[in-house]
Amino acid sequence: MSAGAKSPRRYWLFKSAADCYSIQDLAKETGKQTFWDGVRNYQARNMLRDDVQVGDRVFFYHSNCDPLAIVGICEVVRAGYPDHTAFDKSEQHYDPKSKPEDPTWMMVDIKLLQIFPEPVTRDQLKEIPELAKMVLLQRGSRLSIQPVTETEWKKVCQLAGVKEK
DNA sequence: GCCAACGTTGGC
DNA sequence: GCCAACGTTGGC
């Protein structure tokens, strides 16, 4: 990380059920920053562990609400580390098979950069040919951590009417 | 609230 | 290691 060439910034989309944790909740956090806990899917875990890096950009997506939409942009401020909520029996996402000495689940820290002036809705996204291949829009896509291409990133920023961050 | 798609579990 | 049953996610 410290030595050698800086790897290029990557782009992601993090899903959150809006009634559970919304971008407005994130905006209220100290430093507008939080740890992204509760991911309990191996494919998503692998990305958090191996691919999501400090400086990467993240779209914040609201699922299970109206409207379904990308609502803002975050920055990764800490790369993958053990999700301690898996060790805690009182936590909703407690998982007895994950041990502090050998953690199964990982999380990252993100910081809010901006809330879009207007959310970019799922319906809008579906109308854009360049976005037809977005992981988010694929049938049956349930991943809560998804890669986003640079092209997709720029297009969504354009739709949101914001400068690419 | 429904249900399709998907991941996980567990019997064999 | 297969696969049926089950639970969950999440769009509609």
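Just so we're clear, the structure is a prediction, and the values are computed from it rather than from any experiment. Throughout, a chain's letter reflects where its sequence line sits, starting with A, and its residues are numbered from 1. Just the heavy atoms: all of them, side chains too, but no hydrogens, waters or symmetry mates, feed the values below.
A:Ser16 contributes a side-chain N or O that, together with a main-chain N or O of A:Tyr21, makes up a donor-acceptor pair within less than 3.5 Å. A:Lys155 places no side-chain N or O within donor-acceptor distance of the main-chain N or O of A:Glu130, the cut-off being under 3.5 Å. Between the side chain of A:Gln124 and the backbone N or O of A:Thr121 there is at least one donor-acceptor pair closer than 3.5 Å. When atom types are taken as modelled, the side chain of A:Arg9 and the backbone of A:Gly55 share a donor-acceptor pair closer than 3.5 angstrom. Remark: the backbone N or O of A:Gln43 is not paired with any side-chain donor or acceptor of A:Asn46 at under 3.5 angstrom.
Annotation: salt bridge (charged side-chain N to carboxylate O under 4.0 Å, His left out) contacts involving residues 78-93 of chain A, sequence neighbours excluded, comprise A:Arg40-A:Asp83. Residue pairs meeting the salt bridge (charged side-chain N to carboxylate O under 4.0 Å, His left out) criterion with at least one partner in residues 97-121 of chain A, sequence neighbours excluded, are A:Asp95-A:Lys97.
When all heavy atoms of A:Val108 and A:Gly80 are compared, the closest pair comes out as CG1-N, 3.6 Å.
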Summarise how protein sits on nucleotides 1-10 of chain C as a single string, 5' to 3': B when a protein heavy atom is under 4.0 Å from the base, S for sugar-phosphate-only contact, - for no contact. ------BBBB
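A:Tyr94 is linked by a ring pair (Phe, Tyr, Trp, His ring centres under 6.0 Å) to nothing, counting only residues two or more places apart in sequence or in another chain.
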Dot-bracket summary - DNA chain B, pairs being Watson-Crick or G-U whose distances fall under 3.5 Å, with | when paired to another strand: ||||||||||||
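Between A:Tyr42 and A:Trp105, the gap from one ring centroid to the other is short of 6.0 Å.
Of the residues in residues 124-132 of chain A, those lying under 4.0 Å from DNA chain C by heavy-atom distance are A:Lys126.
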